[in-house]
Amino acid sequence: MSEYTLHCFGESGNAYKVALMLELTGCDWQAVPVDFFNGQTRDEDWRSQVNQQGEVPVLEHRGKTLTQSALILEYLVEQTGKFGWQSDDERREIWRWMLFDNHKFTSYYATLRFLYGLKKTGETEVTTFFRDRAKAAYRVVDQHLSTTPYMVGGRLTIADLSLAGYVYMPEDTGMQLSDFPHIEEWKQRIKAMPGFKLPYELMPRASNL
Ligand SMILES: N[C@@H](CCC(=O)N[C@@H](CS)C(=O)NCC(=O)O)C(=O)O
């Protein structure tokens with residue numbers, strides 16, 4: 001039995017944020033596959049036993065059950081002492097970017113990628129809307145990364161790992177990441193970290209789409 005248990009599936013970038021943190025910090029962890037595409041996260045039993053919010057990632061550790069990737073990342077900083085803050089100001093700055101990530105950077109892009117990249121809806125008013133919103137969020141992060149190698153403090157922190165959830169996903173979203181050169185360079189920097197793995201190397205895929 002591993003020390004950490006992560007309920008996840010390969011296509012989930014939100015779960016990847018946590019899986020990558022566990023891997024880069026050398027934690028002893030195992031994945032519990034969630035059958036997302038057959039509705040497991042909507043199952044009442046799963047919700048009452050695993051997460052009432054009906055989402056992955058869910059991390060189990062020493063009798064605690066944690067959900068919400070940003071909060072889990074913060075917990076893992078406390079546990080491992082890695083990729084965290086060096087002052088209260090930095091901690092707030094990390095949270096500022098993780099909240100922006102959850103609300104906009106991940107959220108719009110992940111919805112676009114689910115529709116266009118996984119369900120293959122083709123171009124619709126909805127995908128156009130989400131792509132425009134995702135591009136606006138990517139422009140904000142790209143601009144910030146033109147001034148610094150990592151989001152906070154000039155070194156890799158959980159703010160980067162949160163924002164990195166979906167940027168390595170291979171599916172076509174109709175968005176050219178080459179339009180965001182600073183994000184592209186930042187991706188390469190993170191990829192060069194010892195222990196880095198891509199999402200589908202870290203977590204079992206659930207898709208039957
Ligand atoms: N803010 C949450 C978002 C989690 C989330 O949206 N997870 C998706 C998978 S990537 C999910 O489990 N969705 C379940 C559903 O829509 O039924 C986090 O960062 O953990």
Side-chain angles (χ1 to χ4, degrees), residues 4-24 27 29 31-61 64-79 83-84 94-121 126-127 130 133-134 137-138 141 151-152 157-171 173 175 197-209:
Y4 293 91
T5 302
L6 180 65
H7 298 259
C8 61
F9 57 95
E11 292 85 348
S12 168
N14 285 303
Y16 178 59
K17 299 169 186 186
V18 177
L20 187 57
M21 174 73 175
L22 288 165
E23 198 69 17
L24 292 178
C27 287
W29 71 282
V32 173
V34 174
D35 192 4
F36 173 78
F37 294 99
N38 288 312
Q40 193 172 3
T41 52
R42 292 172 189 201
D43 178 76
E44 282 311 315
D45 286 345
W46 191 87
R47 288 191 172 195
S48 65
Q49 285 160 27
V50 184
N51 181 8
Q52 66 179 174
Q53 293 181 344
E55 295 178 336
V56 302
V58 177
L59 186 74
E60 291 182 49
H61 183 231
K64 280 190 206 304
T65 300
L66 296 119
T67 79
Q68 293 297 336
S69 61
L71 187 110
I72 298 172
L73 289 171
E74 184 185 60
Y75 176 79
L76 289 173
V77 169
E78 290 163 357
Q79 293 301 312
F83 305 135
I94 285 172
W95 267 104
R96 198 167 76 88
W97 283 112
M98 291 201 299
L99 290 167
F100 181 80
D101 174 50
N102 271 246
H103 183 200
K104 294 189 169 157
F105 190 87
T106 276
S107 168
Y108 293 132
Y109 187 82
T111 309
L112 167 68
R113 177 256 193 175
F114 178 75
L115 294 172
Y116 191 90
L118 288 171
K119 288 195 83 179
K120 304 209 186 301
T121 59
V126 177
T127 56
F130 278 110
R133 301 293 292 167
Y138 270 62
V141 171
M151 296 305 290
V152 178
T157 70
I158 54 172
D160 301 288
L161 296 181
S162 185
L163 287 152
Y166 284 83
V167 299
Y168 299 102
M169 291 295 179
E171 293 82 15
T173 57
M175 226 168 105
K197 288 193 180 132
L198 293 166
Y200 298 153
E201 295 171 338
L202 276 184
M203 302 178 295
R205 294 190 63 167
S207 178
N208 55 8
L209 290 172

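Predicted model only: the values in this text are computed from it and were never measured. Just so it is clear, the values below take in all heavy atoms, side chains as well, and ignore hydrogens, waters and symmetry mates. Atoms within each ligand, like the ligands themselves, are counted from 1 in listed order.
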Applying side chain to side chain contact (heavy atoms under 4.5 Å, CB included), can you list everything that pairs with P199, at least two apart in sequence or on another chain? Y16, Y168, M169
Identified side-chain contact (heavy atoms from CB on, under 4.5 Å) partner of D160 from the options L163, T157, I158: T157
Near ligand 1, which protein residues have a heavy atom under 4.0 Å away? F9, S12, N14, F36, T41, R42, G54, E55, V56, P57, Q68, S69, N102, Y166
Listed by chain and number, what are the salt bridge (Lys or Arg N to Asp or Glu O under 4.0 Å) partners of D101, not counting sequence neighbours? K17
Restricting to pairs with a member in residues 41-54, which pass side-chain hydrogen bond (donor to acceptor under 3.5 Å, both in side chains), not counting sequence neighbours? Q53-Q68
Would you say the side chains of Y75 and H61 form a donor-acceptor pair under 3.5 Å? yes
Centroid separation under 6.0 Å, is that true for the rings of Y109 and Y138? yes
